[in-house]
Amino acid sequence: MNNSDRVNRDQHLQQQSLPIMPSFSLDGRPALVTGAGRGLGMAAAVALAEAGAKVTLVARSLGEIESIAARLQKRGHDTQAIQLDVTDSDAGRDFIANYGPFQILVNNAGGNRPALLTDTPDADIDYMLSLNVKSAMLIAREVVRGLVTHRLPGSIIQMSSQMGHVGGPKRTVYCATKHAIEGMTKALAWEVGPHGIRVNSICPTFIETEMTKPMLEDAVFRDFAVSHIALGRFGQLEDIMGAVVFLASDAAALVTGSALMVDGGWTAS
(Lines give C-alpha, C1' and ligand atoms only; values in the text may rest on other atoms or scores of the structure.)
Protein backbone atom coordinates (compact mmCIF):
# COMPACT_ATOMS: atom_id res chain seq x y z
CA MET A 1 0.00 0.00 0.00
CA ASN A 2 1.49 3.37 -1.05
CA ASN A 3 1.28 6.57 0.96
CA SER A 4 -1.62 7.92 -1.11
CA ASP A 5 -3.66 4.78 -0.44
CA ARG A 6 -2.89 5.00 3.26
CA VAL A 7 -4.02 8.63 3.39
CA ASN A 8 -7.26 7.80 1.57
CA ARG A 9 -7.91 4.86 3.90
CA ASP A 10 -7.27 6.94 7.02
CA GLN A 11 -9.52 9.74 5.76
CA HIS A 12 -12.28 7.23 5.02
CA LEU A 13 -12.00 5.70 8.50
CA GLN A 14 -12.12 9.12 10.12
CA GLN A 15 -15.28 10.00 8.21
CA GLN A 16 -17.10 6.83 9.22
CA SER A 17 -19.80 7.34 11.81
CA LEU A 18 -19.32 5.48 15.03
CA PRO A 19 -22.30 3.33 16.08
CA ILE A 20 -24.42 4.63 18.93
CA MET A 21 -24.79 2.28 21.89
CA PRO A 22 -28.49 1.40 22.35
CA SER A 23 -29.93 2.34 25.69
CA PHE A 24 -30.80 -0.15 28.41
CA SER A 25 -32.93 2.52 30.07
CA LEU A 26 -36.67 1.87 30.02
CA ASP A 27 -37.58 5.53 30.39
CA GLY A 28 -40.97 5.36 32.10
CA ARG A 29 -42.35 2.65 29.82
CA PRO A 30 -45.41 0.95 31.30
CA ALA A 31 -44.59 -2.62 32.31
CA LEU A 32 -46.69 -5.48 33.63
CA VAL A 33 -45.28 -8.39 35.63
CA THR A 34 -47.54 -11.33 36.46
CA GLY A 35 -46.89 -13.53 39.48
CA ALA A 36 -44.84 -10.65 40.86
CA GLY A 37 -45.20 -11.42 44.56
CA ARG A 38 -42.15 -13.64 44.95
CA GLY A 39 -39.26 -15.35 43.22
CA LEU A 40 -38.60 -14.63 39.57
CA GLY A 41 -41.58 -12.30 39.24
CA MET A 42 -40.40 -10.15 42.11
CA ALA A 43 -36.88 -10.04 40.64
CA ALA A 44 -38.27 -9.04 37.23
CA ALA A 45 -40.37 -6.26 38.76
CA VAL A 46 -37.38 -4.87 40.69
CA ALA A 47 -35.15 -5.05 37.60
CA LEU A 48 -37.64 -3.19 35.42
CA ALA A 49 -38.26 -0.54 38.07
CA GLU A 50 -34.53 0.02 38.58
CA ALA A 51 -34.17 0.45 34.80
CA GLY A 52 -36.80 3.19 34.83
CA ALA A 53 -40.01 1.41 33.86
CA LYS A 54 -43.38 2.22 35.38
CA VAL A 55 -44.18 -1.20 36.81
CA THR A 56 -47.54 -2.76 37.61
CA LEU A 57 -47.24 -5.87 39.76
CA VAL A 58 -50.08 -8.38 39.70
CA ALA A 59 -50.71 -11.59 41.63
CA ARG A 60 -53.53 -13.39 43.37
CA SER A 61 -52.07 -12.52 46.79
CA LEU A 62 -52.36 -8.76 47.18
CA GLY A 63 -50.33 -8.43 50.38
CA GLU A 64 -47.08 -9.65 48.83
CA ILE A 65 -47.14 -7.35 45.83
CA GLU A 66 -48.25 -4.37 47.90
CA SER A 67 -45.21 -4.83 50.12
CA ILE A 68 -42.86 -5.02 47.12
CA ALA A 69 -44.46 -2.01 45.43
CA ALA A 70 -44.19 0.01 48.63
CA ARG A 71 -40.49 -0.78 48.99
CA LEU A 72 -39.86 0.18 45.38
CA GLN A 73 -41.79 3.42 45.87
CA LYS A 74 -39.50 4.28 48.79
CA ARG A 75 -36.62 4.01 46.32
CA GLY A 76 -38.38 6.56 44.13
CA HIS A 77 -39.83 4.15 41.56
CA ASP A 78 -43.27 4.44 39.95
CA THR A 79 -45.00 1.18 40.85
CA GLN A 80 -48.46 -0.10 41.70
CA ALA A 81 -49.86 -3.41 42.93
CA ILE A 82 -53.14 -4.81 41.60
CA GLN A 83 -54.75 -8.10 42.59
CA LEU A 84 -55.47 -10.30 39.58
CA ASP A 85 -56.13 -13.95 38.85
CA VAL A 86 -54.44 -14.35 35.46
CA THR A 87 -56.35 -17.56 34.77
CA ASP A 88 -59.62 -15.57 34.69
CA SER A 89 -60.03 -14.45 31.08
CA ASP A 90 -62.69 -11.83 31.78
CA ALA A 91 -60.73 -10.36 34.69
CA GLY A 92 -57.55 -10.18 32.61
CA ARG A 93 -59.32 -8.47 29.72
CA ASP A 94 -60.96 -5.90 32.02
CA PHE A 95 -57.71 -5.27 33.88
CA ILE A 96 -55.66 -4.52 30.77
CA ALA A 97 -58.46 -2.40 29.30
CA ASN A 98 -58.45 -0.30 32.49
CA TYR A 99 -54.72 -0.14 33.24
CA GLY A 100 -53.03 -0.68 29.89
CA PRO A 101 -51.60 -0.46 27.36
CA PHE A 102 -48.41 -2.08 28.60
CA GLN A 103 -45.29 -1.82 26.44
CA ILE A 104 -43.47 -4.44 28.49
CA LEU A 105 -44.99 -7.70 29.68
CA VAL A 106 -43.21 -10.29 31.78
CA ASN A 107 -45.45 -13.34 31.62
CA ASN A 108 -44.13 -14.93 34.77
CA ALA A 109 -47.08 -16.52 36.61
CA GLY A 110 -46.59 -20.26 36.79
CA GLY A 111 -46.21 -23.28 39.00
CA ASN A 112 -45.04 -26.86 39.19
CA ARG A 113 -46.18 -30.00 40.97
CA PRO A 114 -43.36 -32.50 40.31
CA ALA A 115 -44.43 -36.13 40.00
CA LEU A 116 -44.22 -39.09 37.69
CA LEU A 117 -46.92 -38.78 35.05
CA THR A 118 -48.44 -42.04 36.28
CA ASP A 119 -48.81 -40.46 39.72
CA THR A 120 -50.17 -37.12 38.48
CA PRO A 121 -53.89 -36.54 39.09
CA ASP A 122 -56.11 -34.72 36.61
CA ALA A 123 -56.32 -31.72 38.93
CA ASP A 124 -52.55 -31.17 38.78
CA ILE A 125 -52.50 -31.44 34.98
CA ASP A 126 -55.32 -28.91 34.74
CA TYR A 127 -53.58 -26.62 37.24
CA MET A 128 -50.29 -26.51 35.36
CA LEU A 129 -51.82 -26.18 31.90
CA SER A 130 -54.12 -23.40 33.06
CA LEU A 131 -51.53 -21.41 34.98
CA ASN A 132 -48.42 -22.02 32.89
CA VAL A 133 -49.90 -21.97 29.38
CA LYS A 134 -53.47 -20.71 29.16
CA SER A 135 -52.93 -17.67 31.40
CA ALA A 136 -49.82 -16.68 29.43
CA MET A 137 -51.82 -16.78 26.21
CA LEU A 138 -54.72 -14.83 27.71
CA ILE A 139 -52.54 -12.05 29.11
CA ALA A 140 -50.33 -11.83 26.01
CA ARG A 141 -53.41 -11.65 23.80
CA GLU A 142 -54.85 -8.70 25.71
CA VAL A 143 -51.51 -6.88 25.90
CA VAL A 144 -51.02 -7.28 22.15
CA ARG A 145 -54.53 -6.05 21.46
CA GLY A 146 -53.83 -2.93 23.50
CA LEU A 147 -50.53 -2.23 21.75
CA VAL A 148 -51.98 -2.71 18.28
CA THR A 149 -54.96 -0.49 19.07
CA HIS A 150 -52.68 2.30 20.32
CA ARG A 151 -50.04 1.63 17.63
CA LEU A 152 -47.29 1.18 20.16
CA PRO A 153 -44.19 -1.03 20.01
CA GLY A 154 -43.61 -3.47 22.83
CA SER A 155 -41.67 -6.35 24.31
CA ILE A 156 -43.27 -9.53 25.60
CA ILE A 157 -41.01 -11.65 27.80
CA GLN A 158 -42.11 -15.19 28.63
CA MET A 159 -40.60 -16.64 31.78
CA SER A 160 -39.95 -20.12 30.46
CA SER A 161 -37.39 -22.65 31.68
CA GLN A 162 -34.52 -24.81 30.57
CA MET A 163 -37.20 -27.48 30.80
CA GLY A 164 -38.76 -25.92 27.71
CA HIS A 165 -35.80 -27.36 25.80
CA VAL A 166 -35.01 -30.63 27.58
CA GLY A 167 -36.73 -33.25 29.67
CA GLY A 168 -36.37 -34.15 33.31
CA PRO A 169 -37.54 -36.72 35.84
CA LYS A 170 -40.94 -36.03 37.42
CA ARG A 171 -41.45 -33.10 35.07
CA THR A 172 -43.48 -34.48 32.18
CA VAL A 173 -46.38 -32.07 32.61
CA TYR A 174 -44.16 -29.11 33.53
CA CYS A 175 -41.92 -29.74 30.51
CA ALA A 176 -45.00 -29.98 28.31
CA THR A 177 -46.16 -26.55 29.50
CA LYS A 178 -42.76 -24.92 28.98
CA HIS A 179 -42.28 -26.48 25.55
CA ALA A 180 -45.70 -24.99 24.74
CA ILE A 181 -44.48 -21.56 25.86
CA GLU A 182 -41.46 -21.86 23.58
CA GLY A 183 -43.72 -22.68 20.62
CA MET A 184 -46.03 -19.80 21.51
CA THR A 185 -43.07 -17.42 21.68
CA LYS A 186 -41.85 -18.30 18.20
CA ALA A 187 -45.26 -18.17 16.55
CA LEU A 188 -46.38 -14.99 18.28
CA ALA A 189 -43.14 -13.25 17.31
CA TRP A 190 -44.12 -13.72 13.67
CA GLU A 191 -47.69 -12.56 14.24
CA VAL A 192 -46.80 -9.31 15.99
CA GLY A 193 -43.45 -8.46 14.41
CA PRO A 194 -45.08 -6.20 11.79
CA HIS A 195 -46.49 -4.12 14.67
CA GLY A 196 -43.05 -3.55 16.20
CA ILE A 197 -43.74 -5.96 19.06
CA ARG A 198 -41.01 -8.40 20.07
CA VAL A 199 -41.60 -11.73 21.84
CA ASN A 200 -38.85 -13.69 23.59
CA SER A 201 -38.42 -16.17 26.42
CA ILE A 202 -36.02 -16.43 29.33
CA CYS A 203 -35.06 -19.98 30.24
CA PRO A 204 -33.52 -20.25 33.71
CA THR A 205 -32.03 -23.30 35.33
CA PHE A 206 -33.02 -24.03 38.93
CA ILE A 207 -33.09 -20.72 40.77
CA GLU A 208 -33.03 -20.82 44.55
CA THR A 209 -36.48 -19.52 45.51
CA GLU A 210 -39.24 -20.46 47.91
CA MET A 211 -40.84 -22.57 45.15
CA THR A 212 -37.68 -24.60 44.47
CA LYS A 213 -36.53 -24.82 48.10
CA PRO A 214 -38.27 -28.14 48.92
CA MET A 215 -36.84 -29.98 45.90
CA LEU A 216 -33.35 -28.51 46.34
CA GLU A 217 -33.31 -29.71 49.97
CA ASP A 218 -33.39 -33.26 48.63
CA ALA A 219 -29.68 -34.19 48.59
CA VAL A 220 -30.05 -36.76 45.79
CA PHE A 221 -31.94 -34.35 43.54
CA ARG A 222 -29.59 -31.49 44.43
CA ASP A 223 -26.54 -33.52 43.41
CA PHE A 224 -28.26 -34.64 40.20
CA ALA A 225 -29.23 -31.08 39.25
CA VAL A 226 -25.97 -29.31 40.04
CA SER A 227 -24.04 -31.97 38.11
CA HIS A 228 -25.89 -30.80 34.97
CA ILE A 229 -24.91 -27.15 35.40
CA ALA A 230 -21.56 -26.29 33.81
CA LEU A 231 -20.98 -23.40 36.21
CA GLY A 232 -21.49 -25.77 39.15
CA ARG A 233 -24.08 -23.75 41.05
CA PHE A 234 -27.78 -23.01 41.16
CA GLY A 235 -29.05 -19.63 40.07
CA GLN A 236 -29.89 -16.66 42.25
CA LEU A 237 -32.64 -14.15 41.58
CA GLU A 238 -30.07 -11.58 40.50
CA ASP A 239 -29.01 -13.89 37.67
CA ILE A 240 -32.20 -13.28 35.68
CA MET A 241 -32.52 -9.54 36.25
CA GLY A 242 -30.11 -8.43 33.52
CA ALA A 243 -31.79 -10.73 31.02
CA VAL A 244 -35.17 -9.13 31.74
CA VAL A 245 -33.86 -5.58 31.27
CA PHE A 246 -31.97 -6.54 28.10
CA LEU A 247 -35.00 -8.08 26.39
CA ALA A 248 -37.24 -5.20 27.47
CA SER A 249 -34.88 -2.52 26.23
CA ASP A 250 -33.81 -1.05 22.90
CA ALA A 251 -30.57 -3.00 23.26
CA ALA A 252 -32.57 -6.04 22.08
CA ALA A 253 -34.29 -4.20 19.21
CA LEU A 254 -33.54 -6.99 16.70
CA VAL A 255 -34.16 -9.88 19.10
CA THR A 256 -37.47 -11.68 18.71
CA GLY A 257 -38.66 -15.27 18.67
CA SER A 258 -35.61 -16.20 20.73
CA ALA A 259 -34.95 -18.13 23.91
CA LEU A 260 -32.35 -16.56 26.19
CA MET A 261 -30.78 -19.41 28.14
CA VAL A 262 -29.89 -18.47 31.73
CA ASP A 263 -29.18 -22.07 32.65
CA GLY A 264 -25.52 -22.16 33.65
CA GLY A 265 -24.81 -24.37 30.65
CA TRP A 266 -27.40 -27.12 31.34
CA THR A 267 -28.67 -27.24 27.75
CA ALA A 268 -25.15 -26.99 26.30
CA SER A 269 -24.39 -30.59 27.25
Side-chain angles (χ1 to χ4, degrees), residues 31-36 39-41 44 48 56 58-59 84-93 95-96 100-113 124-149 152-168 171-205 207 211 240 243-244 246-248 252-263 266-267:
L32 171 63
V33 181
T34 68
L40 299 180
L48 294 173
T56 298
V58 300
L84 177 68
D85 179 355
V86 294
T87 65
D88 185 329
S89 178
D90 291 337
R93 181 169 53 250
F95 165 78
I96 292 170
F102 295 101
Q103 288 189 270
I104 301 166
L105 166 64
V106 179
N107 240 339
N108 170 75
N112 188 17
R113 294 177 179 175
D124 285 0
I125 295 174
D126 291 341
Y127 165 80
M128 283 187 273
L129 288 172
S130 178
L131 183 57
N132 294 3
V133 182
K134 185 178 179 181
S135 74
M137 291 185 176
L138 296 176
I139 295 299
R141 181 184 67 188
E142 300 309 318
V143 167
V144 167
R145 284 174 172 171
L147 290 174
V148 172
T149 296
L152 291 170
S155 174
I156 295 174
I157 302 169
Q158 316 269 39
M159 196 60 73
S160 183
S161 168
Q162 65 187 17
M163 293 299 170
H165 297 265
V166 297
R171 277 163 179 74
T172 298
V173 181
Y174 184 76
C175 285
T177 66
K178 293 305 181 180
H179 279 257
I181 288 296
E182 292 302 315
M184 172 190 168
T185 298
K186 291 177 173 60
L188 186 58
W190 272 96
E191 290 185 16
V192 301
H195 299 285
I197 302 169
R198 298 180 294 105
V199 189
N200 295 285
S201 67
I202 295 176
C203 304
T205 188
I207 307 293
M211 187 178 83
I240 65 100
V244 170
F246 167 66
L247 290 177
L254 197 61
V255 181
T256 196
S258 295
L260 179 51
M261 309 307 298
V262 188
D263 66 349
W266 185 300
T267 57

Non-hydrogen atoms of [X] and [Y] that approach each other most closely:
X    : Y    : result
Q158 : A136 : OE1-CB, 4.4 Å
A180 : V133 : CB-CG2, 4.1 Å
N112 : M211 : N-SD, 4.4 Å
L188 : A140 : CD2-CB, 4.2 Å
E182 : G164 : CG-O, 3.7 Å
S201 : S160 : CB-CB, 4.0 Å

| query | Does atom NZ of K186 have more than 12 heavy-atom neighbours from other groups under 6.0 Å away? | reply | yes

Tell me if a side-chain donor or acceptor on [X] pairs with a main-chain N or O of [Y] at a distance below 3.5 Å.
X    : Y    : answer
T34  : N107 : no
N108 : A44  : no
H179 : Y174 : no
T256 : V199 : yes
S155 : L247 : yes

At what distance, to the nearest 0.5 angstrom, does [atom1] of [X] lie from [atom2] of [Y]?
X    : Y    : atom1 : atom2 : value
T149 : H195 : OG1   : NE2   : 10.0 Å
L84  : T56  : CG    : OG1   : 11.0 Å
S135 : L129 : OG    : CG    : 11.0 Å
F95  : D88  : CZ    : CG    : 13.0 Å
I157 : L48  : CD1   : CG    : 6.5 Å
I139 : L32  : CD1   : CG    : 6.5 Å

Quick one: are [X] and [Y] in side-chain contact, heavy atoms under 4.5 Å?
X    : Y    : result
I96  : V143 : yes
R141 : R145 : yes
I207 : V262 : no
M163 : W266 : yes
M128 : L131 : no
M159 : V106 : yes
L260 : N200 : no
R198 : P153 : no

| query | Where do K178 and R171 land on the side-chain contact (heavy atoms from CB on, under 4.5 Å) test, with the steps shown first? | reply | CA-CA 10 Å; K178 293 305 181 180; R171 277 163 179 74; over 6 Å; no

| task | With side-chain contact (heavy atoms from CB on, under 4.5 Å) as the test, would you mind laying out the steps for V144 and I156 before giving the verdict? | result | CA-CA 9 Å; V144 167; I156 295 174; 3.5 Å; yes

| field | Residues in salt bridge (Lys or Arg N to Asp or Glu O under 4.0 Å) contact with R113, at least two apart in sequence or another chain | value |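 Salt bridge (Lys or Arg N to Asp or Glu O under 4.0 Å) list for R113, sorted by chain: D124.
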
| remark: By side chain to side chain donor-acceptor pair (under 3.5 Å), D263 pairs with (sequence neighbours left out) T267

| Hey, mind stepping through N132 and I181 against side-chain contact (heavy atoms from CB on, under 4.5 Å) and telling me if it holds? | CA-CA 8 Å; N132 294 3; I181 288 296; 5.7 Å; no

